[in-house]
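Reviewing the structure listed below.
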Amino acid sequence: QVQLQESGPGLVKPSETLSLTCTVSGYSINSGYYWSWIRQSPEKGLEWIATINRGGDTYYNLSLKSRVSISVDTSKNQFSLKLSSVTAADTAVYYCVRYVAPIFYFDYWGQGALVTVSS
Amino acid sequence: QSALTQPPSASGSPGQSVTISCTGTSSDVGGYNCVSWYQQHPGKAPKLIIYEVNKRPSGVPDRFSGSKSGNTASLTVSGLQAEDEADYYCASYAANYYAFGTGTKVSVL
């Protein structure tokens, strides 16, 4: 059974960088599929942030691209998200998700990590 | 890059059917057969219930069905059960972007 688990600080100060890691179990990232970050807030609903594959090809939401970086560590079966210069508007539940291409859907989701931006 | 439009709420009695619409444009819903639907219970992560417009993942009851006409996709829940009370979101590929719907809260009366 594929499982994803987010980890990282739950509180980040404004203007700092949000960093999250997703640990995948039950499936090797090296075997394929794509891996994504999605966030959810009451104000914006569900919002796709970024996607990466095992080869390191990256795809970003253009509205966040200047602040976002996604990376993969196949040796640890993990992928990570960095979002810089955060503001209160970045407060959300962040999900790591497995993404199925080229049919385009998200089949396995982590439980979600609440990240609050506040001083 | 706009959100897909869904009605805020829908409801039905147990055993009845409810249909939720998801309206986009020719650049997303209308342009690709890549619409998916997700069910989310309070405090839980979304769960995939429909992909590729009308396909169900293993384990999802056949009470859930999807369709699409032009720029609008629809999710129908037949034979409503108490556990179907949840938020439902559509999503669509849109050329290097993934648009989500605004969400619909389904209540079982």
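Letters go in sequence order (proteins before strands), and every chain restarts at 1. All values derive from a computational prediction rather than experimental measurement.
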Sort by residue number and list every residue of residues 28-55 of chain A having at least one heavy atom under 4.5 Å from chain B.
A/I38, A/Q40, A/L46, A/E47, A/W48, A/T51
Let's go through B/T19 and B/T76 carefully: what are the C-alpha distance in whole Å and the side-chain angles of both, what is the deciding distance for side chain to side chain donor-acceptor pair (under 3.5 Å) to 0.1 Å, and is it a yes or a no?
CA-CA 4 Å; B/T19 296; B/T76 297; 3.0 Å; yes
Which bit of B/P57 comes within less than 4.5 Å of chain A, counting heavy atoms only: side chain, backbone, both or neither?
neither
Chain A interface, residue from B/S36, B/P46, B/A45, B/A91 that has the most non-hydrogen pairs under 4.5 Å
B/P46
What are the two closest heavy atoms between B/A86 and B/Q40, and how far apart are they?
CB-O, 3.4 Å
Taking atom NZ of B/K105 as the centre, report whether more than 12 heavy atoms of other residues, nucleotides or ligands fall under 6.0 Å from it.
yes
Contact origin within A/Y95 toward chain B - heavy atom pairs under 4.5 Å:
side chain
Quick check, are the ring centers of A/Y99 and B/Y98 under 6.0 angstrom apart?
yes
I'd like to know if A/E16 and A/K13 make a salt bridge, using a cut-off of under 4.0 Å between side-chain N and carboxylate O.
no
Linking I/L/V/M/F/W/Y whenever their side-chain heavy atoms sit closer than 4.5 Å, directly or via other members, would B/V60 and A/Y105 fall into one cluster?
no
Is the B/Y38-B/Y89 ring centre distance short of 6.0 angstrom?
no
As a test of understanding, state which of A/Q78, A/Q3, A/K76, A/Q5 forms a side chain to side chain donor-acceptor pair (under 3.5 Å) with A/T23.
A/Q78
Check each atom of B/K47 against the heavy atoms of chain A and say whether the ones under 4.5 Å are side chain, backbone, both or neither.
neither
Given A/V100, A/L62, A/D107, the one with more heavy-atom pairs under 4.5 angstrom with chain B than any other is A/L62
